[in-house]
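All ligand and atom numbering here is 1-based and tracks the order in the structure. Sequential numbering from 1 along the given sequence is applied to the chain's residues.
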Amino acid sequence: MAQGQMAPGIVSGRLSSDELTSNFTDLHPPLAPHEAAVAADRCYFCYDAPCVTACPTDIDIPLFIRQIQAGQPQAAGQTILEQNILGGMCARVCPTETLCEEACVRETAEGKPVEIGRLQRYATDDVMASGAHPFERATSTGKTVAVVGAGPAGLACAHRLAMLGHDVVIHEGKPKPGGLNEYGIAAYKSTNDFAQAEVDWLLKIGGIAIETDSVLGETISLEGLQQNYDAVFLSIGLAGVNALRADGVDKDGVRPAVDFISDVRQASDLADLPVGRNVVVIGGGMTAVDAAVKSKLLGAEHVTIAYRRGRDAMGASRYEQDLAASHGVRILCNVQPVAIHGNGAAAEIELEYTASHDGRLTGTGETVRVPADQVFKAIGQALDGAPEGLTLDGNKIAVTGAGRTSMTGVWAGGDCAAGGEDLTVTAVAEGRDAAMDIHAALSA
Ligand SMILES: Cc1cc2nc3c(=O)[nH]c(=O)nc-3n(C[C@H](O)[C@H](O)[C@H](O)COP(=O)(O)OP(=O)(O)OC[C@H]3O[C@@H](n4cnc5c(N)ncnc54)[C@H](O)[C@@H]3O)c2cc1C
Ligand code: SF4
């Protein structure tokens with residue numbers, strides 16, 4: 001066993017390459033054609049379908065399911081992609097259990113929804129496998145738009161603008177496009193480098209150039225973009241990480257969960273990735289669950305999610321919580337970190353029990369110590385590097401309508417903009433809708 005030591009207890013090679021390959025396979029394997037036909041047959045093709053209302057991108061779900069039922073997966077894929085150009089990724093990562101599938105009448109009646117997400121994947125995979133790009137560009141408008149950030153919001157905005165005949169340059173700070181699709185989404189949800197394959201497929205529309213390592217606030221400025229382009233769309237996500245307030249947070253072995261998750265996504269060999277024997281993840285959202293499950297899959301022995309409120313308040317859906325539990329992750333609720341102990345490197349975390357009085361969270365004074373050679377902070381991301389002069393709403397960029405910021409000619413969408421849930425599908429919807437609004441403004 002290759003044991004690449006990093007800090008005491010945090011080592012690589014806890015599992016063999018074969019075990020790791022088997023651990024990181026697709027969470028929901030694709031449906032075979034006969035399985036898709038059976039799943040599609042369960043749809044009632046509801047009039048005023050509640051599943052459509054629950055989808056942030058308003059995909060005509062009964063229509064695409066009927067197209068699958070009729071043996072036309074390409075047509076089904078087109079129905080999906082017209083509304084959601086990242087329909088392939090969303091089919092893999094959407095928390096369908098709190099969106100379309102929660103609203104499905106068969107969930108309400110029988111507790112077993114139509115498998116909308118897996119059917120969406122079946123149809124969109126079919127389109128991508130064909131290599132075809134079912135959209136064409138309109139005649140050139142001669143206008144150019146700068147998009148900052150190549151995550152789901154930026155890509156969706158760029159594609160729609162390109163389709164409408166505008167030229168788009170995406171300025172992306174990282175070496176690869178995709179945003180959290182590439183650097184954040186759990187590896188077992190997006191396998192086989194799907195994020196880059198989807199970007200390559202999306203770019204087939206033409207008219208979109210991506211400049212990587214182009215950082216707003218460093219190599220480019222908003223003022224410069226305003227001068228050189230007819231409009232600007234900001235989709236910079238939430239690049240900062242909220243600070244954890246506890247003694248000892250600077251000890252070795254304590255780091256942001258998003259960095260660990262990004263390392264897992266970018267690892268060329270998972271066997272080289274160090275992980276603790278005793279891992280504690282602070283937080284209660286999807287990021288906390290992802291970091292915890294990944295630690296387990298990499299071979300950590302004991303993994304605990306420590307969350308300061310009760311289970312019902314967790315950002316992670318019940319499905320995600322059960323996913324964590326099914327991988328042997330312990331979820332400890334109503335505790336908050338007080339201190340991380342250890343001689344230079346983390347060895348134990350001290351957690352204080354909490355109680356809620358009139359909605360206010362307080363520590364009870366009673367504490368518990370949990371062994372922890374690795375501690376991941378998953379207490380939320382924050383806006384980082386928003387250009388000066390833009391009005392903020394809380395700690396996000398304030399927008400009205402379809403992403404209009406306080407500056408004329410500058411739009412924003414996705415996680416960096418106020419309103420809407422921080423989900424891939426919401427970012428796609430906001431990027432698409434801002435593109436339509438930019439198009440209307442440039443055509444006026
Ligand atoms: C660990 C994790 C797991 C998640 N899992 C899920 C999931 O399973 N399902 C789900 O629906 N949602 C999930 N989410 C949320 C989802 O990933 C986001 O809501 C979505 O990616 C937001 O898209 P975006 O385009 O707004 O931002 P991002 O995806 O963050 O993209 C922003 C882009 O802007 C770039 N950028 C930032 N600053 C600059 C700058 N100054 N100059 C140039 N470029 C810049 C970044 O490099 C990045 O490429 C998860 C989030 C995290 C953190
Ligand atoms: S709510 Fe369920 S049954 Fe009705 S159209 Fe949507 S997927 Fe089909």
Participant: Quick one: is the NZ or CZ of K294 closer than 6.0 Å to the six-membered ring centre of F260, and within 45° of its axis?
Facilitator: no
Participant: Identify, for atom 3 (C) of ligand 1, the protein heavy atom at the shortest distance, and state residue, atom and that distance.
Facilitator: D290 OD2, 3.3 Å
Participant: Going by the atom numbers of ligand 1, which of them fall below 4.0 Å from some non-hydrogen atom of G149?
Facilitator: 33 (C), 34 (O), 35 (C)
Participant: Quick one: sort the F24 and Y188 rings into parallel, tilted or perpendicular, breaks at 30° and 60°.
Facilitator: tilted
Participant: Can a salt bridge be assigned to the pair D26 and R121 using a cut-off of 4.0 Å between side-chain N and carboxylate O?
Facilitator: yes
Participant: Should L238 be counted as touching ligand 1, given the test is an N or O pair under 3.5 Å?
Facilitator: no
Participant: Let me see the working for R255 and K377 under side chain to side chain contact (heavy atoms under 4.5 Å, CB included), right down to the final yes or no.
Facilitator: CA-CA 6 Å; R255 65 186 300 221; K377 301 177 279 181; 5.6 Å; no
Participant: Test your reading of the structure: does V93 have an N or O sitting under 3.5 Å from an N or O of ligand 1?
Facilitator: yes
Participant: Taking the basic N atoms (NZ, or NE/NH1/NH2) and the acidic carboxylate oxygens, is any pair closer than 4.0 Å for D193 and K176?
Facilitator: no
Participant: Just going by heavy-atom distances, which of A386, G237, P256, S190 is nearest to atom 27 (O) of ligand 1?
Facilitator: G237
Participant: Is D422 salt-bridged to K396, going by a charged N under 4.0 Å from an acidic O?
Facilitator: yes
Participant: Which protein non-hydrogen atom lies closest to atom 32 (C) of ligand 1, naming both residue and atom, and how far is it?
Facilitator: S235 O, 3.4 Å
Participant: Any luck finding a side-chain donor-acceptor pair between S317 and E97 under 3.5 Å?
Facilitator: yes
Participant: Could you tell me, atom by atom, which parts of ligand 1 come under 4.0 Å of a heavy atom of K189?
Facilitator: 7 (C), 8 (O)
Participant: Do any N/O atoms on G173 end up under 3.5 angstrom from N/O atoms on ligand 1?
Facilitator: yes
Participant: Do you know the tightest heavy-atom contact between P56 and V425?
Facilitator: CG-CG1, 3.7 Å
Participant: Would you call the rings of Y229 and H171 parallel, tilted or perpendicular if under 30° counts as parallel and over 60° as perpendicular?
Facilitator: perpendicular
Participant: Considering only the protein, which heavy-atom contact is closest to atom 39 (C) of ligand 1, and what is its distance?
Facilitator: I236 CG2, 3.7 Å
Participant: Out of all atoms in ligand 1, which are within 4.0 Å of some heavy atom of I261? Include the element for each.
Facilitator: 1 (C)
Participant: For atom 29 (O) of ligand 1, what is the closest protein heavy atom, and at what distance to 0.1 Å?
Facilitator: L180 N, 2.9 Å
Participant: I need the minimum non-hydrogen distance between V168 and A162, along with the two atoms involved.
Facilitator: CG2-N, 4.1 Å
Participant: Give the table of side-chain donor-acceptor pairs shorter than 3.5 Å for residues 70-90, with sequence neighbours excluded, one pair per line with atom names and distance.
Facilitator:
{"unit_1": "Q74", "atom_1": "NE2", "unit_2": "D126", "atom_2": "O", "d": "3.0"}
{"unit_1": "Q74", "atom_1": "NE2", "unit_2": "D126", "atom_2": "OD2", "d": "2.8"}
{"unit_1": "Q78", "atom_1": "NE2", "unit_2": "E82", "atom_2": "OE2", "d": "3.4"}
{"unit_1": "T79", "atom_1": "OG1", "unit_2": "Q67", "atom_2": "OE1", "d": "2.7"}
{"unit_1": "T79", "atom_1": "OG1", "unit_2": "Q67", "atom_2": "NE2", "d": "3.3"}
{"unit_1": "T79", "atom_1": "OG1", "unit_2": "A75", "atom_2": "O", "d": "3.1"}
{"unit_1": "Q83", "atom_1": "NE2", "unit_2": "T57", "atom_2": "O", "d": "2.9"}
{"unit_1": "Q83", "atom_1": "NE2", "unit_2": "D58", "atom_2": "O", "d": "3.4"}
{"unit_1": "N84", "atom_1": "OD1", "unit_2": "L86", "atom_2": "N", "d": "2.9"}
{"unit_1": "N84", "atom_1": "OD1", "unit_2": "G87", "atom_2": "N", "d": "3.0"}

Participant: Start with the C-alpha gap between Q374 and V254, add the side-chain angles, then the distance that decides, and say whether side chain to side chain contact (heavy atoms under 4.5 Å, CB included) holds.
Facilitator: CA-CA 6 Å; Q374 197 163 32; V254 182; over 6 Å; no
Participant: Would you mind checking if E320 and K189 are paired as a salt bridge, meaning a charged N to carboxylate O distance below 4.0 Å?
Facilitator: yes
Participant: Show me which atoms of ligand 1 lie under 4.0 Å from any heavy atom of D415.
Facilitator: 18 (C), 19 (O), 20 (C), 22 (C), 26 (O)
Participant: Ligand 1 and C416, any nitrogen or oxygen pair closer than 3.5 angstrom?
Facilitator: no
Participant: Charged N to carboxylate O below 4.0 Å: is that the case for D437 and R404?
Facilitator: yes
Participant: Looking only at protein heavy atoms, identify the closest one to atom 48 (C) of ligand 1 and say how far it is in Å.
Facilitator: E172 OE1, 3.5 Å
Participant: Determine whether the side chain, the backbone, both or neither of L423 has a heavy atom under 4.0 Å from any heavy atom of ligand 1.
Facilitator: both
Participant: Counting non-hydrogen protein atoms only, what is the nearest one to atom 2 (C) of ligand 1? Give residue, atom name and distance.
Facilitator: T287 OG1, 3.6 Å
Participant: Quick one: does NZ or CZ of R265 land under 6.0 Å from the six-membered ring centre of Y183, within 45 degrees of the ring axis?
Facilitator: no
Participant: Under the salt bridge (charged side-chain N to carboxylate O under 4.0 Å, His left out) test, which residues partner D41, sequence neighbours left out?
Facilitator: none
Participant: I170 vs L155, test: side chain to side chain contact (heavy atoms under 4.5 Å, CB included). Steps then yes/no.
Facilitator: CA-CA 8 Å; I170 306 184; L155 289 168; 4.0 Å; yes
Participant: Using a strict 4.0 Å cut-off to heavy atoms of S214, name the atoms of ligand 1 that fall inside it.
Facilitator: 42 (N), 43 (C)
Participant: Under 2.8 Å from atom 4 (Fe) of ligand 2, how many protein N/O/S atoms do you get? Just the number, please.
Facilitator: 1
Participant: For ligand 1, is any non-hydrogen atom under 4.0 Å from Q381's backbone (N, CA, C, O), its side chain (CB onward), both, or neither?
Facilitator: side chain
Participant: Is R42 salt-bridged to E110, cutoff N-O under 4.0 Å?
Facilitator: yes
Participant: Ligand 1 and N181, any nitrogen or oxygen pair closer than 3.5 angstrom?
Facilitator: no
Participant: Could you find the nearest protein heavy atom to atom 42 (N) of ligand 1 and give me its residue, atom name and distance?
Facilitator: L216 N, 2.9 Å
Participant: Non-hydrogen atoms of G385 versus ligand 1: any pair closer than 4.0 Å?
Facilitator: no
Participant: How does V148 reach ligand 1, by side chain, by backbone, by both or by neither, if only non-hydrogen atoms under 4.0 Å count?
Facilitator: side chain
Participant: According to ring-ring contact (aromatic ring centres under 6.0 Å, His included), who are the partners of H166, at least two apart in sequence or on a separate chain?
Facilitator: H439
Participant: Please state which protein non-hydrogen atom is closest to atom 4 (C) of ligand 1 and give its distance, to 0.1 Å?
Facilitator: I185 CD1, 3.9 Å
Participant: Identify, by atom number and element, the atoms of ligand 1 in contact range of G184, meaning under 4.0 Å from any of its heavy atoms.
Facilitator: 1 (C), 2 (C), 3 (C)
Participant: Look at atom 10 (C) of ligand 1 and find which of T424, V258, L86 reaches it with the closest heavy atom.
Facilitator: T424
Participant: Pull out every atom of ligand 1 sitting under 4.0 Å from any heavy atom of G179, numbered as shown with elements.
Facilitator: 29 (O), 31 (O), 48 (C), 49 (O)
Participant: Atom CD1 of I379 and atom CD1 of I282: how far apart are they, to the nearest 0.5 Å?
Facilitator: 8.5 Å
Participant: Which residue supplies the protein heavy atom nearest to atom 7 (S) of ligand 2, what is that atom called, and how far is it?
Facilitator: I116 CD1, 3.7 Å
Participant: Counting both backbone and side chain atoms, is some N or O of P152 under 3.5 Å from an N or O of ligand 1?
Facilitator: yes
Participant: Which atoms from ligand 1 have a heavy atom of D422 less than 4.0 Å away?
Facilitator: 15 (C), 19 (O)
